Amino acid sequence: MTKPVVDYDVKDLSLAPDGLLRIEWAAREMPVIALIRQRFHEEKPLAGLRVSACLHVTTETANLALALADGGAHVTLCASNPLSTQDDVAAALVSQYNIPVFAVRGEDNQTYYRHIHAALAHRPQVTLDDGADLVSTLHKERRELLPDVLAGTEETTTGVIRLRSMAREGALAYPIIAVNDADTKHLFDNRYGTGQSTIDGITRATNVLWAGKTVVVAGYGWCGRGVAMRARGLGAQVVVTEVEAVRALEAAMDGLRVMPMAEAARIGDIFITVTGDVNVISTEHFELMKDGAILANSGHFNVELNIAALEDMAEGKRQLRSHVVEYRLMDGRRLFLLAEGRLINLAAAEGHPASVMDMSFADQALCVEYIARRTERLPVAVHTVPADIDAEVARLKLRSMHISIDELTAEQRKYLESWESGT
Ligand code: ADE
């Protein structure tokens, strides 16, 4: 193995050969990124651009990083979650592609932020974030870097919510494109990606049979819908808890039972939080749960299950298998917490499948190109993804799936544009 010429902090460079093969395997399911990568390679639209990315370090992210690098960008990567890094992928990016990566699976909080600082030391002109930790650290601790930053992108719902709050308070210092809000992102990644990978993570961690279980899904946003849909598909009875009336109504009319968590707590076998909010399941709910209930989170941060409260209530705990900790309560009941309440799909499985990340990361790559090609800076605000990028990603994905669709006839177009003809 040749010695890497870049700065890095990864677990073990000797893991690189496995990482390389797995990156190649993911690439087979990422035809849209492949097309963009090929065009970037020829056109070099990102020549010399310094890009700092804080994303889950997975095979799919590796394919995005390689596309950006082929476009001429200098890419640095750090983890957006302490438990999601695939160490072999991190090693392969460093040793085979000379991409500086700062990410070690299981890193503590201090190391997590040290790695974010290492990515910032690259003096980014464009930031890619998943959860807004990079952007918030840049704004709080490295403000002298702000003048160099043209714009950033944000991958996830939680990050967009944080960034909109920064914009509302006048704290946001550079423009961000909310990739999460593109149709080709949240309708697919959040729904089908989170849906499948959450079930995958819980299954790998526990090997439970879903058929016949009562599964409580907290939150009926796009992620919650996906999780509920897939759990039901496996034969579970799904209960949804919500705080928004319209979403609760949708869940009810999608054929699911809807009730407050205080009721659901008594009947659930498996609880999955996907709300983006804190302490959604807490002491008063743990007190009601059945012996053997399984607790998992698939929201961005590990705040949805009140783990401190669970620790307080427990008289003992033990690690039963990877990603499963048994908490023994005073009355003898046992509750099983998965993956320390962190994103179960990335902690216990491999995150969303490549085919769906193909679309999210195509949006990311095209947004970075959009930022790079602009002659004027975007206004400081949280922006939506340009509609033509969203449409292009959908078109390319359809083409890769060999699906063709109809076009409006001239007559139909005229009809849609007119208002005169009615009943
Ligand atoms: N977020 C969810 N799944 C992911 C994946 N496979 N790669 C990167 N980010 C993700």
Side-chain angles (χ1 to χ4, degrees), residues 19 22-30 32-33 51 53-68 75 77-90 92-93 99 101-103 105 112 119 127-134 153-160 178-182 184-202 204 221-227 230 272-274 276 296-302 339 342-365 367-368:
R22 293 203 315 110
I23 293 168
E24 186 187 319
W25 179 251
R28 294 172 54 84
E29 287 275 273
M30 301 183 82
V32 181
I33 277 289
V51 175
C54 178
L55 299 169
H56 301 294
V57 179
T58 64
T59 53
E60 293 77 22
T61 299
N63 280 289
L64 169 63
L66 296 175
L68 300 177
V75 184
L77 181 60
C78 66
S80 60
N81 185 296
L83 264 192
S84 61
T85 298
Q86 297 172 0
D87 290 317
D88 56 344
V89 171
L93 284 174
I99 292 183
V101 180
F102 302 89
R105 189 181 188 86
Y112 175 75
T127 61
L128 273 64
D129 217 342
D130 187 335
D133 281 345
L134 183 88
T153 64
E154 170 53 53
E155 169 77 4
T156 201
T157 319
T158 293
V160 171
V179 167
N180 179 72
D181 294 358
T184 46
K185 200 282 183 179
H186 67 269
L187 293 178
F188 302 90
D189 170 314
N190 301 26
R191 179 167 38 180
Y192 306 116
T194 308
Q196 179 168 325
S197 62
T198 299
I199 302 291
D200 184 15
I202 296 172
R204 290 197 206 191
W222 290 108
C223 295
R225 285 158 213 241
V227 173
R230 294 306 183 229
I272 306 168
T273 51
V274 259
N297 168 54
S298 212
H300 186 79
F301 288 119
N302 59 336
R342 294 199 187 272
L343 277 169
I344 187 66
N345 59 338
L346 281 141
E350 294 171 65
H352 303 353
S355 177
V356 85
M357 294 313 295
D358 189 29
M359 299 168 73
S360 312
F361 285 167
D363 281 316
Q364 288 280 7
C367 284
V368 174

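Note that ligands are numbered from 1 as they come in the structure, with each ligand's atoms numbered from 1 the same way. What you see is a predicted model, and the numbers here were worked out from it, not measured in a lab. All residue numbers refer to positions in the sequence shown, counting from 1.
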* Could you verify whether a donor N or O on one side chain and an acceptor N or O on the other, from S84 and H56, lie under 3.5 Å apart? => yes
* Looking just at side-chain N and O atoms, do N63 and D358 make a donor-acceptor pair shorter than 3.5 Å? -> no
* Is it true that a side-chain atom of N345 and a backbone atom of T194 form a donor plus acceptor pair closer than 3.5 Å? ->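 Checking the backbone N and O of T194 against the side chain of N345, no donor-acceptor pair under 3.5 Å is found.
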With sequence neighbours excluded, residues passing salt bridge (charged side-chain N to carboxylate O under 4.0 Å, His left out) with [X]:
X    : value
D189 : K185
R204 : D200, E350
R225 : E250

* Asked: For ligand 1, what are the residues with a heavy-atom contact below 4.0 Å?
  ->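 Around ligand 1, where the cutoff is 4.0 Å for heavy atoms, the contacting residues are H56, T58, E60, T61, L346, E350, G351, H352, M357, F361.
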